[in-house]
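The next block holds one structure in the form of structure tokens; read it before the comments.
Since this is a predicted model, take the numbers as computed values, not measurements.
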Amino acid sequence: MTDTAISPRRRRMIEDMTIRKLAPKTQASYIRVVRNSTAFLGRSPDQASAEDLRRYQLHLAARGVSVPSQNATVTALRFFFTVTLGRSRVTDRMPFVREPRRLPVVLSPEEVARLLDAAPGLKYQAALSVAYGAGLRAAEVVALKICDIDSDRMVIRVEQGKGRKDRYVMLSEHLLALLRAWWKAARPQGWLFPGQNPLTTRQLNRACHAAAEAAGIDKRVSLHTLRHSFATHLLEQKVDIRVIQVLLGHKKLDTTALYSQVATRTIRAVRSPLEQLAQRPSNMTVKPPA
């Protein structure tokens, strides 16, 4: 698209997003939301009212648009009307939709070992091992460079992860040996996991699905499942939850605390009050079935 094809309003919105250093994907998403809402209204968004935006939210809900997509729409429209148009009142009554909180799928250590052993080739075995062994997101794995692996300090530098934050995560001896084997086999330059182009998150997720299927794992597995498993297994090893928060790069402790609900070893270790009743002198007897 040439500059002459961009309206002054869209150009200003792009400039506003650029000033705030929004990620390219976020910018594309915001523009798409504004374009779709404009098509629904059938006129310039400059003329939109709070009631118009309410009708658009009802339209999305009636179409069965997912809760995350509905909330992403609210975020984008609030940016457009508040920042670009200076009409914040129009979006004051646009509510976010409460999203049901679901527990993440977690693999057992044995299942993780089977999945990694079934990875399609050394490259993907190394990449999936980084995801589990350091708790990295898919985008963080594919963005790794050789210089991010610090074998002297035994850490991995995650540069500009989610939220545009840098952090360090641990580098285990086993993972270092695996990465060295991969480096000797492929001699990558620059990117740690290059291809014809650098490895993509889509390719990595496909490899994860293929490995899970080959390993006979019937749970719904994605690359993020390895990150969930990393956090849960650390919690079961009694690693302090605030340390896990830092390793994951979570902004809020509440996000990390979710893993306490799926740390089954920790849950099983809790003594049930029913067991305490059974240990009393007048311990309960099991009645025969009626």
Taking atom [atom1] of [X] and atom [atom2] of [Y], what is their separation to the nearest 0.5 Å?
| X | Y | atom1 | atom2 | answer |
| --- | --- | --- | --- | --- |
| Met17 | Leu22 | CE | CG | 6.5 Å |
| Phe80 | Arg12 | CZ | CZ | 11.0 Å |
| Ile19 | Ile14 | CD1 | CD1 | 12.0 Å |
| Arg157 | Cys147 | CZ | SG | 8.5 Å |
| Thr255 | Ile244 | OG1 | CD1 | 13.5 Å |

**OP:** Would you please classify the geometry between the Tyr30 ring and the Phe79 ring as parallel, tilted or perpendicular, with 30° and 60° separating the classes?
**Re:** tilted

Original post:
Under 30°, 30 to 60°, or over 60°: which ring-plane class applies to His59 and Tyr56, parallel, tilted or perpendicular?
Top reply: parallel

Original post:
Below 4.0 angstrom, N of the basic side chain to O of the carboxylate: do Glu51 and Arg54 qualify?
Top reply: yes

Original post:
Is the shortest distance from a Lys or Arg side-chain nitrogen in Asp52 or Arg55 to a carboxylate oxygen in the other one below 4.0 Å?
Top reply: yes

Take atom [atom1] of [X] as the centre, draw a 6.0 Å sphere, and report whether it contains more than 12 heavy atoms from other residues, nucleotides or ligands.
| X | atom1 | result |
| --- | --- | --- |
| Lys251 | NZ | no |
| Glu173 | CD | no |
| Arg202 | CZ | no |

Original post:
Which residue, Asp240, Leu247, Ile241, forms the side chain to side chain contact (heavy atoms under 4.5 Å, CB included) with Leu234?
Top reply: Leu247

Subject >> Backbone N/O of Ala48 and side chain of Arg87: donor-acceptor pair under 3.5 Å >> reply: yes

**OP:** Check the pair Val90, Leu85 against side chain to side chain contact (heavy atoms under 4.5 Å, CB included), reporting the backbone distance first and the verdict last.
**Re:** CA-CA 10 Å; Val90 178; Leu85 297 184; over 6 Å; no

